[in-house]
Amino acid sequence: EERFWRKVDKNGPWPAHNPKLGPCWVWTGALTKAGYGLFNVAGEAVYAHRLAWEMKHGPIPEGMWVLHSCDWPRCVRHLFLGTPKANTGGRLKKAFEWFQSK
């Protein structure tokens with residue numbers, strides 16, 4: 001855990017769409033092409049946000065994803081569990097709201 005948290009900047013930006021969340025905790029280590037953090041555990045690359053969830057809450061239930069309420073893949077703080085369908089629905093809703101605001 002100590003090695004993991006050395007790669008986290010707890011003074012990240014505040015989500016503009018929901019500043020009540022407080023600052024993001026930004027992963028400063030390796031990233032995927034999509035911007036998700038990667039961390040090496042026993043020779044295997046794992047997603048940093050999923051590992052952060054597991055360190056705090058335990059195993060991720062089957063069929064669930066670890067989602068970002070801040071919408072930033074590098075954040076390892078603003079996390080919640082949801083289904084893949086909920087993730088897609090949330091993304092579509094936010095895109096529609098953005099489009100309507102223009």
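In terms of heavy atoms, Ala45 sits closest to Leu38 at CB-CD2, 4.4 Å. Across Cys70 and Cys75, no two heavy atoms sit closer than the pair SG-CB, 3.5 Å. Of all heavy-atom pairs spanning Arg3 and Asn40, the tightest one is NH2-O, 2.7 Å.
Between His49 and Tyr36, the two ring planes are tilted [angle within 30° to 60°]. Relative ring orientation between Trp27 and Phe4 is described as tilted, the plane-to-plane angle lying within the 30° to 60° band.
Hydrophobic cluster membership differs between Met55 and Val66, with clusters built from Ile, Leu, Val, Met, Phe, Trp and Tyr side chains linked at under 4.5 angstrom. Connection of Val46 to Trp65 is not established within any shared hydrophobic cluster, with ILVMFWY side chains joined at heavy-atom distances below 4.5 Å, either directly or through further cluster members. Under the 4.5 Å side-chain heavy-atom criterion for grouping Ile, Leu, Val, Met, Phe, Trp and Tyr, Leu79 is not connected to Leu31 through any hydrophobic cluster. Linking Ile, Leu, Val, Met, Phe, Trp and Tyr residues whenever their side-chain heavy atoms come within less than 4.5 Å leaves Phe80 and Leu21 in two separate clusters.
Arg77 pairs with exactly one of Pro23, Cys24, Ser69 by the side chain to side chain contact (heavy atoms under 4.5 Å, CB included) rule, that one being Pro23.
Taking the side chain as every heavy atom from C-beta outward, Met64 and Trp53 never approach each other to under 4.5 Å.
Not a single ring pair (Phe, Tyr, Trp, His ring centres under 6.0 Å) links Trp72 to another residue, sequence neighbours left out.
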Walk me through whether Trp25 and Asp9 qualify under side chain to side chain contact (heavy atoms under 4.5 Å, CB included).
CA-CA 5 Å; Trp25 292 355; Asp9 176 3; over 6 Å; no

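Rounded to the nearest 0.5 Å, atoms OG1 (Thr32) and CZ (Arg74) are 11.0 Å apart. Atom CG of Leu81 and atom CG of Leu67 lie 7.5 Å apart (nearest 0.5 Å).
A salt bridge links Arg6 and Glu2; the closest N-O separation between the charged side-chain nitrogens and carboxylate oxygens is under 4.0 Å.
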